[in-house]
Structure formats: C-alpha cells, structure tokens
Amino acid sequence: MGTPEFAVPYLKSLLNNDFEIVGIITQPDKPTGRKQIISIPPVKAVAIQNNIRIFQSEKLKTDTKIIEELKSLEPDLTVVVAYGQIIPQAILNIAKLGNINVHPSLLPKYRGASPIQNAILNGETKTGITIMLMDAKMDHGPILAQKELLLAGNEDNESLHKIMSDNSSTNFLIETIKKFISNQIAPTIQNDEQATYCQLISKEEAKINWHKSAQIISNQIRAFYPWPTAWTTLSKKRVKIFPPVNITDGHTLAGKIIINNDKFLIGCNDQLLEISELQIEGKNKIKAKDFILGNKDIIDQSFE
RNA sequence: CGCGGGGUAGAGCAGUAGCAGCUCGCCAGGCCCAUAACCUGGAGGUCGUGGGUGCGAAUCCCACCCCCGCAA
C-alpha cells in the first residue's frame, strides 16, 4: 500500500527481490495542478507498468467489496509506505503474517503525517527510518528495525525524502522483511511516553516571520520545500524563498534586504540569512543574483 | 467560464505611438605582480504568434499560444 513518489522506490525494490505482489492499494486518482487535471498516483503508474492488480477507494473502512477481494487474494504480508489514509482494522486483519509499515522518523518521535518536514523544522540533528508492525493506533505498533540518519542542517524536505527512499533505505526494508519472515526479529514495543506527533503541514505555517532567528527561518524554508514553500511579501507581492540558504553573521532590521558582493542577505532577529533563489508572484523562479541585476533599487527595501 | 501577474539580446529587467535600452554575461583589446576589480571597443533582437487601427505600433484593439502567483 502506498501512494506518492516516495513509495515508488520501495515498491520497485519489492518487485526486484522476487516477492510475489498480489495487488497494490493506492489513493484514488485526483485532480492536480492549476488546471485540475486528473492524474494517477505515482505508485499506480508503476503498478500499471508491472501488471499488478490495483485497488483504489475513497474510504476503505466501508468498502466491503474491496475488503472481500483482498481477502480472496490471501496475502502473506502487507507493506505500507506513505499510503495517505488511516488503514482500517478490517484491512490489517487480512495478511497472515502481519502488516509492515515504513515510517520516516525514529519512532516513537514524530508519529503522524509529516515526520520529515517536522524533523527539519525542529532542527533535529538526527532522524531515521523505522520499520514496524502496524496496530490499531497510528504509528504505534512494535518496532522491527530502525536506521539512523545524521542531519547536517542543510537538508530540505525534498532531498531528505530522496535520501529516505534511496537504495540503502529500500534495501533496509528488504533485509528487515526477510529477517521478519524467518523469525529472526523480536519486535520492540514503543515507549509511548516519548511519543511526539505531527500534523499535516498547513500553508499558514509557511509564512516567514523575519523577527524570528535565522536558524528557525532556515529550518522553515528547507522544511517547506517544495511544498507549500516558505514565503514573505515585498511591496505587497508574494515572494517565495527557496533553499539552499545560508546563515551569516551580521545584523540589521528584521526583513531588511542587504546586497553585499552579489550576496542577497536578509535581516533576521539575530543574524543574516543569505538566499539563493526566489520567486515573485507571477514570475518564474530566479537566482537571487539575477534578481539583483533587474532590481537595482532593491537595496534598503524590506520584506514584510 | 474561479481571481490575478507575465512573455523585449544568453540571464534578470526598463521602455503606454516617433532611431529598441539598462545591468550582468559573452567576444576582442588595454591596465595591472595579479584578479571575479578597473578602462576601451564589439557581437548578439521577427519585442510570444496571427490579424486590425495609425503617416508611424514593443506600446492601442481583437483572437490565439505559452509561463507563473492565489485558490482548489
């Protein structure tokens, strides 16, 4: 079970390791983009290419038809990677050996919808991947294995997603499954007292407050890329700020723009933030250096 | 018919009817111990496409194409 691009490498690794995949469950096709064109989830596209049976439902819990069909397939194991919906107990009861979930955080920390984004947002120095057995509560079941990843502080949401679905990560899943089905793993119960939770990201969180510290703003810019993208305003126009960004020493008014040796610096509460790419509403994304060329009067203006 | 911004030199932009410009980059030369610095010169444009109005259109009118912000 899975839906977005993040789940695709995991599905492919299962395919490449001679597991018999009797079917995939993915979210329904949804309209995306400015023109609201109906598009299929990335996982579904891979399933089509590989002639895998596909199940899609708005609400699995009440979809008795799909539940019966899944039962008839008699799966041994269910693997869930970023499905995007709460999975009802009726589905979890189907697979004989159980249900394995890949969760991109070091559980019990960052249970919930946006573990990668929130690890960056909170400036964590390490995070990781947890492979666990699922139970009725979200991200709560016993842990089979964990893989730690150290963060350098320049990761963004997109790059960290890629790292967490690279070959090393997908191999980690495959190895864990193999050990699990041959009874080499004793699942570890999670310590609920240490649990933290994260909600879906909202667009409201992505507005930059220049009165905060450069570190916090850097975290925001990286955590919210490529969606919803951290933004501010200049002369009442919306301006998106993209990673990478760089924190440097110095001080000026919050939001004030300084140009120094072609560097585009912005005042924060404590230090300065150097930005590399930005986008004014209605325009394409451009490099900060190019923006300066066409906007010589930008000096001494301020982001709001 | 959801709301809105935009398309001008390789890049970023200015230019609301009268010789198509600015900054950067690029090429050549110069200066310098030297340089991403500085000086001189140069190349590079179907002003998104098609039509219309005008003596004259990047500029005004009509249609279309493409890019983007909001919203979803």
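Reckoned from all heavy atoms, side chains included, excluding hydrogens, waters and symmetry mates. Nothing here was measured: the structure is a model prediction, and the numbers come from that model. Lettering follows sequence order; numbering is per chain, from 1.
- In this structure, NZ of A:K287 is placed 14 Å from P of B:A11, rounded to the nearest angstrom.
- Side chains of A:Y110 and A:N122: a donor on one and an acceptor on the other come within 3.5 Å.
- Nucleotides B:C65 and B:G21 have their P atoms positioned 33 Å apart, rounded to a whole Å.
- Checking B:G12, B:U23, B:C70 against the side-chain heavy atoms of A:D290 singles out B:G12 as nearest.
- Nucleotides B:G44 and B:C26, compared at atom C1', are 9 Å apart to the nearest Å.
- With a cut-off of 3.5 Å on both Watson-Crick or G-U wobble distances, the partner of B:A34 is given as none.
- Under a 4.0 Å N-O distance rule, the pair A:K109/A:E124 qualifies as a salt bridge.
- Between the P atoms of B:A11 and B:C47, the separation comes to 16 Å (whole Å).
- Rounded to whole Å, atom C1' of B:G5 lies 11 Å from atom CD of A:Q279.
- Taking for each of A:K237 and A:K240 the nucleotide of RNA chain B with the nearest heavy atom, the 5'-most of the two is the partner of A:K237.
- Across B:U23 and B:U8, the matching C1' atoms stand 15 Å from one another, rounded to whole Å.
- Relative to the side chain of A:K283, the nucleotides B:U23, B:G6, B:C70 differ in distance, and B:G6 lies closest.
- With rounding to whole Å, A:D262 atom CG is found 19 Å from B:A11 atom P.
- A distance-only check finds no donor-acceptor pair linking the side chain of A:T252 to the backbone of A:G267 [under 3.5 Å].
- A:T232 places a side-chain N or O within 3.5 Å of a backbone atom of A:E304 that can act as its donor or acceptor partner.
- Base pairing analysis places B:C60 opposite B:G52; the two distances defining the Watson-Crick or G-U wobble pair are each below 3.5 Å.
- A donor-acceptor pair under 3.5 Å links the side-chain atoms of A:Q56 to the main chain of A:Q27, judged by distance alone.
- Taking every side-chain heavy atom of A:N284 into account, B:C68 is the closest of B:G6, B:U23, B:C68.
- The CG atom of A:D297 sits 10 Å away from the P atom of B:A14 (whole-angstrom rounding).
- Comparing the same atom, C1', in B:C55 and in B:C22 gives a spacing of 31 Å after rounding to whole Å.
- As the counterpart of B:G10, B:C24 is assigned, both hydrogen-bonding distances of the Watson-Crick or G-U wobble pattern falling under 3.5 Å.
- Rounded to a whole Å, the CZ atom of A:F264 is 16 Å from the C1' atom of B:U23.
- Comparing B:U46 with B:A9, their C1' atoms sit 13 Å apart, to the nearest whole Å.
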Grab the N/O contacts between the protein and nucleotides 35-37 of chain B below 3.5 Å, and write none if there aren't any.
none

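- Between A:G282 and A:N295, the residue anchored nearer the 5' end of RNA chain B, judged by the nucleotide with its closest heavy atom, is A:G282.
- B:G54 has its base syn relative to the sugar, with a glycosidic angle deviating from 0 by at most 90°.
- A:K289 comes within 4.0 angstrom of no nucleic acid atom, judged by non-hydrogen atoms across all strands.
- Between A:R238 and B:G69 there is no side-chain polar atom (N or O) within less than 4.0 angstrom of OP1 or OP2.
- The number of heavy-atom neighbours closer than 6.0 Å to NZ of A:K179, taken from other residues, nucleotides and ligands shown, is 12 or below.
- Using N1 to N3 plus N6-O4 or O6-N4 for Watson-Crick, or N1-O2 and O6-N3 for G-U wobble, each under 3.5 Å, B:C70 pairs with B:G2.
- Ion pairing between A:K285 and A:E277 holds under the 4.0 Å rule for side-chain N and carboxylate O.
- Taking the C1' atom of each, B:G15 and B:G45 are spaced 15 Å apart, rounded to whole Å.
- Taking atom P on both nucleotides, B:G69 is separated from B:A20 by 35 Å, rounded to a whole Å.
- Annotation: side chain of A:V46 is not in contact with side chain of A:K44 (no heavy-atom distance under 4.5 Å).
- Straight-line distance from the CD1 atom of A:I286 to the P atom of B:C67: 19 Å, rounded to whole Å.
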Begin from the C-alpha positions of A:R111 and A:Q190 and carry the test side-chain hydrogen bond (donor to acceptor under 3.5 Å, both in side chains) through to its verdict.
CA-CA 11 Å; A:R111 289 176 178 172; A:Q190 293 188 32; 2.7 Å; yes

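- Checking B:C47 for Watson-Crick or G-U wobble geometry (two distances, each under 3.5 Å) identifies no partner in any strand.
- As a whole-Å value, the separation of A:F291 CZ from B:G12 P is 13 Å.
- With B:U23, B:G6, B:C68 as the candidates, the nucleotide lying closest to the side chain of A:L293 is B:U23.
- Across all strands shown, the partner of B:G29 is B:C39, judged by Watson-Crick or G-U wobble contacts whose two distances both fall under 3.5 Å.
- Comparing B:G12, B:A72, B:U23 against the side chain of A:K203 picks out B:A72 as the nearest.
- Residue A:K236 contributes atom NZ, which lies 16 Å from atom C1' of B:G4 at whole-angstrom precision.
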